[in-house]
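Take a look at the structure set out below.
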Amino acid sequence: MKQLFILITFIILGKNVFAQKVKNKHFSRADFVKTSWFIDNKNNAFLKNDTLRFIKYSNKADNHEYIEFKEYEMQHLVHGYFIELSFNHGIKMNYSERLNNYAHVYDFKEYWWQFHKENNSLLIYRENELLVKLKPIKQRKIKIESRLASDSKCLETTEITFVRTCYTIQNASWFDKLRTRLTFKI
């Protein structure tokens, strides 16, 4: 009986320790360099929501000229409004929006990023003004459908949940200018 009690206690404590380790994982700059992600932007969630889920483009679409990645964003999000971020090797980054999954909206301003390892936070700047400051709180593997008919199985990729740690006044002014940007169809 005593051995059973010790075993159950060990299992419960082991689960709690493991859960804390995953939840408090420290990320690094290397988790983002040369990666691309999409983020739900329905009702301008990227600038408004306290919690954001970044979903990584992990699966390259080989031999397809019109698409770069296999992940089917619209199936996963159940709508076609999302932000696409590509973190380059330096501090530069590419930023674009998808509207109803058919139109790209480009903001021709300069975007750049930093990752502060000390406080485990991701900072995204637009024209030298802080746009968002985010702290990653959870990472997990997810399954997502492929946009290619030849791929019948689900693809595995990474999802990181972030919590917004800073709101800036620039967010509001940037949002007001959103309608003046150019829209291009794919």
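Just so it is clear, the structure is predicted and the values come from calculations on it, not from any experiment. Numbers for residues simply follow the sequence, beginning at 1.
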Review point. Less than 4.5 Å apart, any side-chain heavy atom of Trp113 and any of Val132?
Key: no
Practice item. Answer whether the closest heavy-atom distance between the side chains of Arg98 and Leu77 falls below 4.5 Å. Key: no
Practice item. Show your reasoning for whether side-chain contact (heavy atoms from CB on, under 4.5 Å) applies to Lys143 and Glu156. Key: CA-CA 5 Å; Lys143 299 284 186 181; Glu156 185 174 288; 3.7 Å; yes
**Study point:** Pair Glu110 + Arg126, salt bridge at N-O below 4.0 Å
**Key:** no
**Study point:** Side-chain heavy-atom pair Leu131, Tyr111 within 4.5 angstrom cut-off
**Key:** yes
Check your understanding: Can you tell me how far the CD1 atom of Ile91 sits from the CZ atom of Arg29, to the nearest 0.5 Å?
Key -> 8.0 Å
Review point. Does the side-chain contact (heavy atoms from CB on, under 4.5 Å) test come out yes or no for Leu122 and Phe54, once each step is laid out?
Key: CA-CA 12 Å; Leu122 173 68; Phe54 283 42; 4.2 Å; yes
Exercise for review: Step by step, work out the side-chain contact (heavy atoms from CB on, under 4.5 Å) result for Asp31 and Phe87.
Suggested key: CA-CA 10 Å; Asp31 292 318; Phe87 297 89; over 6 Å; no
Review point. Quick check, are the ring centers of Phe115 and Phe32 under 6.0 angstrom apart?
Key: yes
Check your understanding: Quick one: OG on Ser96 to CD on Glu84, what's the gap to the nearest 0.5 Å?
Key -> 4.0 Å
Review point. Is any side-chain heavy atom of Asn120 less than 4.5 Å from a side-chain heavy atom of Phe27?
Key: yes
Practice item. Using the side-chain hydrogen bond (donor to acceptor under 3.5 Å, both in side chains) rule, take Thr158 and Lys141 through it: C-alpha gap first, then chi angles, then the decisive distance, then the call. Key: CA-CA 5 Å; Thr158 302; Lys141 294 288 184 187; 3.1 Å; yes
Exercise for review: Please report the closest heavy-atom contact between Ala45 and Asp40, naming both atoms and the distance.
Suggested key: CB-O, 3.7 Å
Review point. CD/Glu97 to CD1/Ile39 distance, rounded to the nearest 0.5 angstrom?
Key: 10.0 Å
**Study point:** Side-chain (Arg164) to main-chain (Asn49) donor-acceptor, under 3.5 angstrom
**Key:** yes
Exercise for review: Report yes if some heavy atom in the side chain of Tyr125 is under 4.5 Å from a heavy atom in the side chain of Lys109; otherwise report no.
Suggested key: no
Study note, to complete from the structure: Output for pair (Leu123 CG, Gln114 CD), nearest 0.5 Å, gives 6.0 Å
Point to revise | Between OG1 on residue Thr51 and CZ on residue Phe162, distance to nearest 0.5 Å | key: 11.5 Å
Check your understanding: Of all heavy-atom pairs between Thr161 and Arg53, which one has the smallest distance, and what is that distance?
Key -> OG1-CG, 4.0 Å
**Study point:** Geometric class of the His76/Phe38 ring pair [parallel <30°, tilted 30-60°, perpendicular >60°]
**Key:** perpendicular
Practice item. Answer yes or no: is there a side-chain heavy-atom contact under 4.5 Å between Leu99 and Tyr81? Key: yes
Review point. Which is it for Asn43 and Lys48 under the side-chain contact (heavy atoms from CB on, under 4.5 Å) test, yes or no, and what are the steps along the way?
Key: CA-CA 8 Å; Asn43 300 321; Lys48 293 180 180 179; 5.5 Å; no
Exercise for review: Indicate the atoms forming the closest heavy-atom contact of Glu145 with Cys154, along with that distance.
Suggested key: CG-SG, 4.4 Å
Practice item. Mind checking the CG-CG spacing from Leu134 to Leu52? Nearest 0.5 Å is all I need. Key: 6.0 Å
Point to revise | Any Tyr95 side-chain heavy atom under 4.5 Å of Phe46 side chain | key: yes
Exercise for review: Can you see which heavy atom on Ser36 is nearest to which on Ser86, and at what distance?
Suggested key: OG-OG, 2.8 Å
Check your understanding: Just wondering, do Ile160 and Trp37 contact through their side chains at under 4.5 Å, heavy atoms?
Key -> yes
